Amino acid sequence: MNSDWVHSSNHLPDEGQHIGFMLHHRNVAMEGTFLQQAFRSHWADYAVERVSSWRSVIETDGPADTGAA
């Protein structure tokens, strides 16, 4: 189960939280972790300014991509 989407401008995830997130001007959500004030996917880190919204991902939904950067 996933939670509701939160606008990044209103609130940021907790450090180390597994999340789904949407980049501005994109239609597909990415999954990853919020670490060191960045949204981290398997492929890259995204600055807070590039992310429009996010939601918590409960780990029973499947493996979360924590990024190995």
Side-chain angles (χ1 to χ4, degrees):
M1 175 181 286
N2 291 315
S3 61
D4 293 332
W5 288 96
V6 177
H7 291 283
S8 303
S9 59
N10 294 336
H11 180 70
L12 292 174
D14 294 329
E15 181 74 11
Q17 186 173 354
H18 296 284
I19 52 169
F21 60 95
M22 294 284 291
L23 297 174
H24 288 290
H25 310 293
R26 303 286 186 203
N27 296 322
V28 178
M30 300 176 75
E31 195 168 317
T33 306
F34 187 72
L35 293 170
Q36 300 174 340
Q37 294 297 304
F39 290 86
R40 180 174 289 177
S41 76
H42 178 70
W43 300 277
D45 291 355
Y46 300 92
V48 170
E49 298 80 25
R50 295 195 58 200
V51 176
S52 61
S53 58
W54 62 274
R55 66 180 177 185
S56 180
V57 175
I58 299 172
E59 294 198 41
T60 57
D61 289 347
D65 187 350
T66 59

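Note that this is a predicted model, so its numbers are computed, not measured.
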Within this structure, what is the [atom1]-[atom2] distance for the pair [X] and [Y], rounded to the nearest 0.5 Å?
X	Y	atom1	atom2	answer
Leu12	Phe39	CG	CZ	5.5 Å
Leu23	Trp54	CG	CH2	15.5 Å
Glu31	Ile19	CD	CD1	9.0 Å
Ser53	Asn10	OG	CG	10.5 Å
Gln17	Leu35	CD	CG	10.5 Å
Phe21	Tyr46	CZ	OH	6.0 Å

**Report entry** Side-chain heavy-atom pair Val48, Phe34 within 4.5 angstrom cut-off
**Finding:** yes
Within a 6.0 Å radius of atom NE2 on His25, are there more than 12 heavy atoms belonging to other residues, nucleotides or ligands? no
Check your understanding: Is the side chain of His24 donor-acceptor paired with the backbone N or O of Glu49 at a distance under 3.5 Å, no angle test?
Key -> yes
Hits for side-chain contact (heavy atoms from CB on, under 4.5 Å) against Gln36, two or more places apart or cross-chain, chain-then-number order -> Glu15, Arg40
The remaining residues in the hydrophobic cluster of Trp5, counting side-chain heavy-atom contacts under 4.5 Å among Ile, Leu, Val, Met, Phe, Trp and Tyr, are Met22
In terms of heavy-atom contacts, Asp4 and Arg55 come closest through O-CB, 3.4 Å
Between Asp45 and Ala38 the two heavy atoms that sit nearest each other are CB-CB, 4.4 Å
